[in-house]
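Report on one structure; see the data block that follows.
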Amino acid sequence: MAGCEIIASITVFIGGRLGVKAFAAVLKLPYSILGTLIVLLSMVGSYAVGNSMFNVWVMLSFGVLGYFMKKYHFSPASLVLGLVLGPMMEENFRRHLLVTKETIYLFLISRKDNKRDT
């Protein structure tokens, strides 16, 4: 197992050293060609993941969303936090409703006190 990792590391190192000039040459391409190439490869990759055009439309939708977020100076971190933490928050909210027999009032007024009663 360790031998495979060493061989893989050596192969990646040699490939990286040989490919540096080619990778640098790609950056000298005009933006119109480079941007088109990036969009094309992104579309091919998103289609290849599930062989579904739905994946391509989702990728394009998030691209448009990202464009408008950048245009109107929204932080992408808030979107990522919402997408990651949203399902966890919903699950815990449902758990709260089950424990309190669907009383939302306790959810709205309850808070944790850091002080201990002595």
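The shown structure was predicted, so the numbers you read here are calculated from the model rather than taken from an experiment.
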As a test of understanding, state which of His96, Glu91, Glu90 forms a side chain to side chain donor-acceptor pair (under 3.5 Å) with Arg94.
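One option only clears the test, and that one is Glu90.
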Residues that, via side-chain heavy atoms closer than 4.5 angstrom, fall in one hydrophobic cluster with [X]:
X     : result
Val58 : Phe54, Phe62, Val64, Leu65, Tyr67, Phe68, Met69, Tyr72, Phe74, Leu79, Leu83
Leu41 : Leu37
Val80 : Leu81, Val84, Leu85, Met88

Which residues satisfy the side-chain hydrogen bond (donor to acceptor under 3.5 Å, both in side chains) test with Arg17, sequence neighbours excluded?
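Here no residue qualifies.
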Counterpart residues, side-chain hydrogen bond (donor to acceptor under 3.5 Å, both in side chains), relative to Asn92 (two or more places apart):
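Residues passing side-chain hydrogen bond (donor to acceptor under 3.5 Å, both in side chains) with Asn92: Arg95.
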Heavy-atom pair of closest approach, residues Pro87 and Gly82
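Heavy atoms only, the tightest pair is CD-O, 4.4 Å.
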Of all the heavy-atom pairs spanning Asn55 and Gly50, show the shortest one and how long it is.
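Closest heavy-atom pair between Asn55 and Gly50: ND2-N, 3.5 Å.
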Between atom [atom1] of [X] and atom [atom2] of [Y], what is the distance when rounded to the nearest 0.5 Å?
X     : Y     : atom1 : atom2 : answer
Met53 : Met59 : CE    : CE    : 9.0 Å
Ile33 : Lys28 : CD1   : NZ    : 15.0 Å
Ser52 : Trp57 : OG    : CH2   : 12.0 Å

Contacts of Glu5 that satisfy salt bridge (Lys or Arg N to Asp or Glu O under 4.0 Å) - sequence neighbours left out
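With sequence neighbours excluded, Glu5 shows a salt bridge (Lys or Arg N to Asp or Glu O under 4.0 Å) to no residue whatsoever.
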Count I, L, V, M, F, W, Y as connected when their side-chain heavy atoms are under 4.5 Å apart, and connections chain through other members. Are [X] and [Y] then in the same cluster?
X     : Y     : answer
Ile14 : Ile6  : yes
Val39 : Leu34 : no
Val26 : Ile38 : yes

